Amino acid sequence: MSERARGEEAAAGKAVAPGAAAVRGTRDILPPESSRWQWVEGVARRVCERYGYREIRTPIFEAATVFTRGIGEATDIVEKEMYLFRDRAGRELALRPEGTAGVVRAFLEHKLYAGPLPVKLFYLGPMFRYERPQAGRYRQFEQFGVEAFGSADPAIDAEIISLGIAFLEAVGLDRWELRLNSIGCPTCRAAYREMLVTELSPRRQELCRSCEQRLERNPLRILDCKEPGCQLLVEPLPGLESYLCSDCRAHWETVQHYLGELGISYRKYPRLVRGLDYYTRTVFELVGTGLGSQDALLGGGRYDGLVEAMGGPSVPGIGFAAGLDRLLMSLAGGDGLPPAAAATDVYVARAGEVPMGAVLQLAERLRRAGIRTELELAGRSLKAQLKVADRLGARFVVIAGEAEWARGLVTLRRMADGLQEEVARTEVPGRLSELISET
RNA sequence: GUGAGCGUAGCUCAGAUGGUUAGAGCGCCAGGUUGUGGCCCUGGAGGUCGUGGGUUCGAGUCCCGUCGCUCACCCCA
């Protein structure tokens, strides 16, 4: 048997009895960390509420065409990053790689355009892209996104950007940069694209391999290519800004004006093009620090043609998505996080021959009284139980000791100073509520 | 898809040049107090050294395959 054949056999053997492990690019979020997730999600919800955005929950998978048509055939996401599969009836489905296309589909399906505009929505949930995982990039990742349909007013561009910043600030992130650009409408972009093609075509050999392809498929993307050779070629060419039609120019200038009035500082970023085809006019990114090379925390823009392209009426739209994994990561070192809360208020310990059923009842009464209560279930010594109580951060321990139990009493111990008192079993919930609120 | 680094106890890691029973700190369990936490002391449990093969008298250590992780490219959240 060749070495290679052996290797394959080993791999196959492993596939038959796979070790328990989350698949590549996915991960488990375990208790202390899961509370941080609940916290950011709560912040996102509260910020949205303040701005008048309401939650929409769309399916995690959709017909693949929702994304191929929505995001664009020539994008990296559609070309190589989608999780595609067929269900048992042969339907072509995809795990959602981003949120906007699905929200637009729902917007159309439920004819929300027939109601009062603008329709302002937000979503929270996992997205899926088949990419090589690295710092701040997972195959299943969590996004918080916002979409507003039905307003072409530059004011909503400013509002959305301001919402994004409010969110970052609310989670305690103070170091970020807003990058802003306008990529015009199909009309002015076509003119610009034509200029790019005529200027670059004669020197196509000097472009990198992928930009050579982009020249045909998506020339705008050459602008944000990081290859020095490509940059060199693009550098002397005029920016998109000078090609904007009068409407787009007016929009672009007004957005900047409003941002100024909101006191939001930004950097014009003529190279910011973004990887999804549906964007028009305003595009922006909020980038963070300390994130390695995946530094885009939040990105979005206007997509005035998307609803129509997906078969609906001509309704303008704008939105952004924020990567929560990255956000949490950039917060990890800082002090923006809330202190880890104690896991419990009260620990019920058992010493000696005290009936477990009665102790369960006691704990149950405390819990019904709204007191977070933990009890001994492992049969440890009292010493060990107190140690556990301490570790859990319990402020009080109810000691159900054999001696006092026989007299209808239990001992209450305040962990901070070790002060103890004996209390009638029936009065434990009331007394503990008192003691807890005292502090 | 491409490149580089790394896989040793639950966690963080040490194990030059291949050589006896693979170690530490933290954590966990127990004892020191037959009913009292934090500090301290003592003891204990816990390891297919990712995995398959090769070289060798002998492999955690060297070689190859493979899987995984990490970082970077690409791209994006």
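Side-chain atoms are counted along with the backbone in the values below, which use heavy atoms only and exclude waters and symmetry mates. Remember, predicted model here, so these are calculated numbers, not experimental data. Below, read A as the first sequence line, B as the second, and so on, with proteins coming before strands; counting in each chain starts at 1.
Across residues 383-390 of chain A, Lys383(A), Ala384(A), Leu386(A), Lys387(A), Asp390(A) each have a non-hydrogen atom less than 4.0 Å from an atom of RNA chain B (numbered order).
A donor atom on one side chain and an acceptor atom on the other are not found under 3.5 Å apart for Tyr266(A) and Glu177(A). Between Thr373(A) and Tyr347(A), the side chains place no donor N or O within less than 3.5 Å of an acceptor N or O (distance only, hydrogens not considered). Using modelled atom types and a 3.5 Å distance limit, the side chains of Thr411(A) and Gln420(A) yield no donor-acceptor pair. For the residue pair Tyr53(A) and Glu159(A), a side-chain donor N or O sits within less than 3.5 Å of a side-chain acceptor on the partner. With no hydrogens or angles considered, a side-chain donor-acceptor pair links Thr100(A) and Glu147(A) at under 3.5 Å.
Comparing rC74(B), rU36(B), rC75(B) by their nearest atom to the side chain of Arg221(A) picks out rC75(B). Checked against rC76(B), rC74(B), rG31(B), the side chain of Lys80(A) finds its nearest nucleotide in rC74(B). Relative to the side chain of Pro133(A), the nucleotides rU70(B), rG35(B), rA77(B) differ in distance, and rU70(B) lies closest. Comparing rA77(B), rC73(B), rG35(B) by their closest approach to the side chain of Leu382(A) singles out rG35(B). Between rC75(B), rA77(B), rG35(B), one nucleotide has an atom nearer to the side chain of Ala351(A) than all others, and that is rG35(B). When the nucleotides rU36(B), rC76(B), rG35(B) are ranked by their closest atom to the side chain of Ala403(A), rG35(B) comes out on top. Side-chain proximity of Arg132(A) to rC74(B), rA72(B), rC28(B): nearest is rA72(B).
Remark: the separation of the C1' atoms in rG60(B) and rG7(B) is 11 Å, to the nearest Å.
Relative ring orientation between Phe107(A) and Phe149(A) is described as parallel, the plane-to-plane angle staying below 30° on a 0-90° scale split at 30° and 60°.
OP1 or OP2 of rC29(B) sits under 4.0 Å from a side-chain N or O of Arg380(A).
RNA chain B is contacted by both Tyr279(A) and Arg413(A); Arg413(A) maps to the nucleotide lying nearer its 5′ end (nearest heavy atom per residue).
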Protein-nucleotides 42-46 of chain B N/O pairs under 3.5 Å:
none

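Listed for the Arg45(A) side chain is no donor-acceptor partner under 3.5 Å among the backbone atoms of Glu55(A).
Every stem involving RNA chain B, taken as at least 3 paired positions in a row under the Watson-Crick or G-U wobble test at 3.5 Å, is listed here: B:1-7 with B:67-73, B:10-13 with B:23-26, B:28-32 with B:40-44, B:50-54 with B:62-66.
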